[in-house]
Structure formats: structure tokens, C-alpha cells
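To keep things clear, I will list the structure first and then write my remarks on it.
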Amino acid sequence: MRLLDKYLLYSSVFAIFTEDFSFHYIIDIKLFYLILIVNFLILSIHKKMVVHKNLIILLGFFFVHGTVLFLWKQNPIKSLIAQLLGISLTSIYYYNFLKYYTTAKAFKVYAKMAFYIALLAIPMFYLGINSFSKYRLNGILSEPAHYAAIMLPATYYFLKQKEYLKLLILIITIFLSRSSIGIVGLVLILIIPLVKLKFFIKYAWVVGVLLLFSGLYLYQQWDKPITENTGNQLVRRLKETGKSFNAISTGKFAPYINLSSYAFLSNTFITKNIVANNLLGTGLGSYQYEYDKYYPKMRPPGYLLTLKQSKINRTDANSLFLRMFSDFGIFALLLVAYFVFRSFQLFSNEQKIIGQGVFFYLIVKLIREGHYFPPEFYFFLLIFLKDFDEDITHS
């Protein structure tokens, strides 16, 4: 492989881990965008850049749908333009990158980098380097939940490839992140492949034992004292979220609710109100403006008002599904339906290990993270949607 090809391959994959790399020169500049723009120019000079017709149709829909609804709802259209530019740039680049370097080669580089980043994250955590908090690991990523999510495809890949040492390292770091979404991802990695009858019959006892011990553990931990940073945080969130669930309907929150539960429930309340009044959505990038219209209907807990965090996740809805449902209304349900259909396709073929691994990132992304173009998103999404190994266009 030529040196230029190696640079494009490794820098484009490394870019997906760079959300926390930025520097200030007149304005804040993110390393991800710098790499993307430079590589876009290089790739366009040395290769023929193409745009898939389905991507053109989708971007065209976002533009027309968004323009009509932004004008109707009288929201600032600059947000629509910013979202379209970000989605277009990242999706077009990674489509062409994967087209020329293939799924298998790019994913193997990602898995290798994920392992080394996980190895690096352990001493970083204990030495307090780039630490989100002294209790939670985040490595070179900006926060623990992002770290856990981006490691899930590699975790599944190492499991399937029987690379157990690498698998163990990644699992340890996900546990050290203390991310509830990371734990959800690991549970799904264990359970979803067993949906097939022959695997279920063979391994159902393993799942049963794990569920039994998990239930006993939660039962034992349920009444123990828990603070913000000590005790079992998963139990804490389960208890407080359950007690406050009626806030989705009323908008009234208990004074003791934790920040994570409040973020999810408050944005669910806002989304419910937006969709109830706008079945077709309000346009790509409109969530923050619609949030402000319905926020007065809520009664946030006093301590979050004091900390000025009562509008947490105002720009991204705390969940990609919630944001999509708000922005696109019933059209979002069609996108989710296709996601489910594609997932069944991948898991029906035992050879599609890479696409299956990416599924676990995407499912937690739908649940937890609402940004439309974080560095890693289109790298993973395009691998999920298309097997680029079928179109080898380079030697």
C-alpha cells in the first residue's frame, strides 16, 4: 500500500476518536474537521469522488422538508443549513473513503486503534489524565458514555474473533466508564445473538444464570445508600427514573431526581409535546427552538435551576431517536423501521460480523446520543447500511 493510502486509511479512522481534540486559533478548531477537510481534498484529487443516489434523495428530502417547516414555524434557518452541511460533508467523505478502502480493511484498523486506546485509557484513568471525573473512565474521548458507545463494535468483533485478551481489556474499560449505556450495550451483545433458536437452546442457561445473578445483585443493592459518585449508579438511576416516570406526562420533576434521569425524561416530555402538535416534524435542526417553546410547561427540580442545568441537552434531545422523532415526526418511524429491517438482515447472516458489531453502537446511539454528525457516526452508519467489500475498486 502506498504511503498516501496508508495516511488516508489511518488518519480517517483515527479521526473518529478525536471528538475531544481541539485547539483555539482565532476560533475553536476541532481536529476532526481539520482531518476531514484535508483528506476530502486529497481524496478528491487522487480518486473520483461520487455521491450515491440514495444519499442525494435523503439530503434533498431533509432540505425540502426542513425549509418548508422552518419557514412555517418561523425558526432560524441557519440551524438547518449547519446540519445539512455537517451531514453532507461527513457522509460523502466516509462513503468515498469506505468505497476505496473497503469495510474489512477500515474496520480492522478501527478495531486495532480501539484496543490501543483502551489500553491507554486505563493508566489515564488512574493518573487522572483528561479525566471526566475521578470515578469514571473516558480515555481520549470527551465523556464516559461516548467512550463506551464507540468501543461496542470492537467489543463484539473481538468476541466473535475469539480474541479474548483484547475483549477483556475493552470490557474492563467499559465497566470503569460506569456508563449505563455501555452496560446496556454489553447486555445486548450477550443477548441479541442468542435470538436465533439454535443458539438460544445452546446458551439459554448462560443468559438465565447471568440474569438471575444480576437480579439478585440489584435486589441486594437496592436499599443501600447511594450518592452522586459512590454506590451503585445503575441502581440509583433505575430507582430515580422509575419514581419520576410520570414527569413525561406532567412535566413535574421530583426534587431529588439525578441529572441523567432528568435529561432523558425532560427531553422525552418536550418531544412528546412537539410531535403531538407537529406529526410531520419541525425540520432538521429545529429541536432547540421548539424546546424553548415547550420548556415553560415543565417544573424542573430547584437544584438544577440553581446549577443552570435545567435545559440540559436542549440542542440534541439526549437521544437520537427523540431528536429524529421531533425533527421528522412520522418520517422518523420509517427510518427506524428500515433500521430494524436491516438489522434482521445482518443477524440472519453469520458472516456479517462487522455490520452486526456496528448495530450495537447504533442502538445505543438511538437511545442516548442526539448529535447528527459526531466524528464516528457516518463511519459506522455507512458500514451498517452497505458492505463496501462487494465493490473493491483498488488493488
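All heavy atoms count here, side chains included; hydrogens, waters and symmetry mates do not.
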Would you please test Y156 and I353 for side chain to side chain contact (heavy atoms under 4.5 Å, CB included) and show each step? CA-CA 8 Å; Y156 181 80; I353 294 174; 4.1 Å; yes

Under the criterion ring-ring contact (aromatic ring centres under 6.0 Å, His included), which of F373, Y110, F359 is the partner of F380? Y110

With a cut-off of 3.5 Å and sequence neighbours excluded, list every side-chain donor-acceptor pair involving residues 335-342.
residue	atom	partner	partner atom	Å
R342	NE	F384	O	2.8
R342	NH1	Q345	OE1	3.2
R342	NH2	F384	O	3.3

Which atom names give the shortest non-hydrogen contact between L159 and Y164, and what distance separates them? O-CE2, 4.4 Å

Non-hydrogen side-chain atoms of Y101 and D5 separated by less than 4.5 Å: yes

Donor + acceptor pair across side chains of S286, N75 (<3.5 Å): no

Cation-pi check, K352 to F347: give yes when NZ or CZ is under 6.0 Å from the six-membered ring centre and within 45° of the ring axis, no otherwise. no

Check: L137 and F175 side chains under 4.5 Å, non-hydrogen atoms: no

Validation row: Y287, R314 side chains within 4.5 angstrom (heavy atoms): no

Got D327 and Q83 here, is their nearest side-chain heavy-atom distance under 4.5 Å? no

Going only through I, L, V, M, F, W and Y residues with side-chain contacts under 4.5 Å, is there a path from L89 to V38? yes

Testing the basics here: between L176 and Y126, what is the closest heavy-atom pair and its distance to 0.1 Å? CD2-OH, 4.0 Å

Closest approach of L152 and I189, non-hydrogen atoms and distance? O-CD1, 3.8 Å

State plainly whether one hydrophobic cluster holds both L334 and V275, where clusters connect Ile, Leu, Val, Met, Phe, Trp and Tyr through side-chain heavy atoms under 4.5 angstrom apart. yes

Please step through side chain to side chain contact (heavy atoms under 4.5 Å, CB included) for the pair K365 and L381, ending with a clear verdict. CA-CA 11 Å; K365 172 78 177 173; L381 180 62; over 6 Å; no

Just checking, is any N or O donor in the side chain of D316 or Y372 under 3.5 Å from an acceptor N or O on the other one? no

Exercise answer: donor-acceptor pairs, residues 138-149 side-chain atoms, under 3.5 Å, sequence neighbours excluded:
residue	atom	partner	partner atom	Å
N138	OD1	F132	N	2.7
N138	ND2	N130	O	3.0
N138	ND2	L141	O	2.7
S142	OG	E19	OE2	2.5
S142	OG	H146	ND1	3.1
H146	ND1	E19	OE1	3.1
H146	ND1	E19	OE2	3.0
Y147	OH	T173	OG1	2.8

Test F63 against L284 for side chain to side chain contact (heavy atoms under 4.5 Å, CB included), laying out the working first. CA-CA 8 Å; F63 174 74; L284 176 69; over 6 Å; no

Can you tell me how far CZ of F21 sits from CG of L31, rounded to the nearest 0.5 angstrom? 7.0 Å

When you measure from the side chain of N267 to the backbone N and O of R323, does any donor-acceptor pair fall under 3.5 Å? no

Are Y95 and I57 joined in one hydrophobic group, where the rule is that I, L, V, M, F, W and Y side chains link up if heavy atoms are under 4.5 Å apart? no

Taking the six-membered ring of F388 as reference, does the NZ or CZ atom of K386 fall below 6.0 Å from its centre and within a 45° cone about the axis? yes

Going hydrophobic residue to hydrophobic residue with side-chain gaps under 4.5 angstrom, can you get from I172 over to L165? no

Please give the remaining members of the hydrophobic cluster of L69, linking ILVMFWY side chains under 4.5 Å, ordered by chain and number. W72

Begin from the C-alpha positions of Y7 and N39 and carry the test side chain to side chain donor-acceptor pair (under 3.5 Å) through to its verdict. CA-CA 9 Å; Y7 162 76; N39 287 8; 2.8 Å; yes

Taking atom NZ of K311 and atom CG of L304, what is their separation to the nearest 0.5 Å? 13.5 Å

Do N349 and Q356 have side-chain N/O donor and acceptor atoms under 3.5 Å apart? no

Distance only, no hydrogens: is a donor on one side chain within 3.5 Å (strictly under) of an acceptor on the other, for Y295 and S310? yes

Looking only at the side chains, is there a donor atom on one of E376 and Y361 sitting less than 3.5 Å from an acceptor on the other? yes

Would you confirm whether R136, through its side chain, and S177, through its main-chain N or O, come within 3.5 Å as a donor-acceptor pair? yes

Spacing of T102 atom OG1 and K108 atom NZ [to the nearest 0.5 Å]: 8.5 Å

Shortest non-hydrogen contact between S249 and F269, atoms and distance: O-CE1, 3.8 Å

Assign the ring pair Y93 / F40 to parallel, tilted or perpendicular, where the plane angle (0 to 90°) is split at 30° and 60°. tilted

How far does CE of M151 sit from CD1 of I117, to the nearest 0.5 angstrom? 5.5 Å

Return the minimal non-hydrogen interatomic distance between M113 and Y10, and the atom names on each side. CE-O, 3.3 Å

Under 3.5 Å donor-acceptor, N96 side chain and I92 backbone: yes

Validation row: Y94, I16 side chains within 4.5 angstrom (heavy atoms): yes

Can you name the nearest heavy-atom pair linking I274 to E290, along with the distance? CD1-CB, 3.5 Å

Taking C-beta and beyond as the side chain, do I257 and F253 meet within less than 4.5 Å on heavy atoms? yes

Can any side-chain N or O of S88 pair as donor or acceptor with the backbone N or O of L85 at less than 3.5 Å? no

Verdict with reasoning, L120 to Y116, per side chain to side chain contact (heavy atoms under 4.5 Å, CB included): CA-CA 6 Å; L120 179 63; Y116 287 121; over 6 Å; no

Nearest-0.5 Å distance that lies between atom CZ in F32 and atom OG in S12: 9.5 Å

Is there side-chain contact between Q309 and L259, with at least one heavy-atom pair below 4.5 Å? yes

Regarding K73 and N278, do their side chains bring together a donor and an acceptor under 3.5 Å, going by distance alone? yes

Taking atom types as modelled, is there a side-chain donor on N277 or Y294 under 3.5 Å from an acceptor on the other? yes

Please examine the side chains of F360 and T155, heavy atoms only from C-beta on, and report whether any two atoms are closer than 4.5 Å. no

Any sub-3.5 Å donor-acceptor pair from T18's side-chain atoms to A15's backbone N or O? yes

Are L362 and L333 linked, directly or through intermediate hydrophobic residues, by side-chain heavy-atom contacts shorter than 4.5 Å (ILVMFWY only)? yes

CZ of F115 to CD1 of I169: how many Å apart, nearest 0.5 Å? 6.0 Å

Starting from the C-alpha separation in whole Å, work towards a yes-or-no answer on ring-ring contact (aromatic ring centres under 6.0 Å, His included) for F377 and H371. CA-CA 9 Å; F377 183 54; H371 291 293; over 10 Å; no

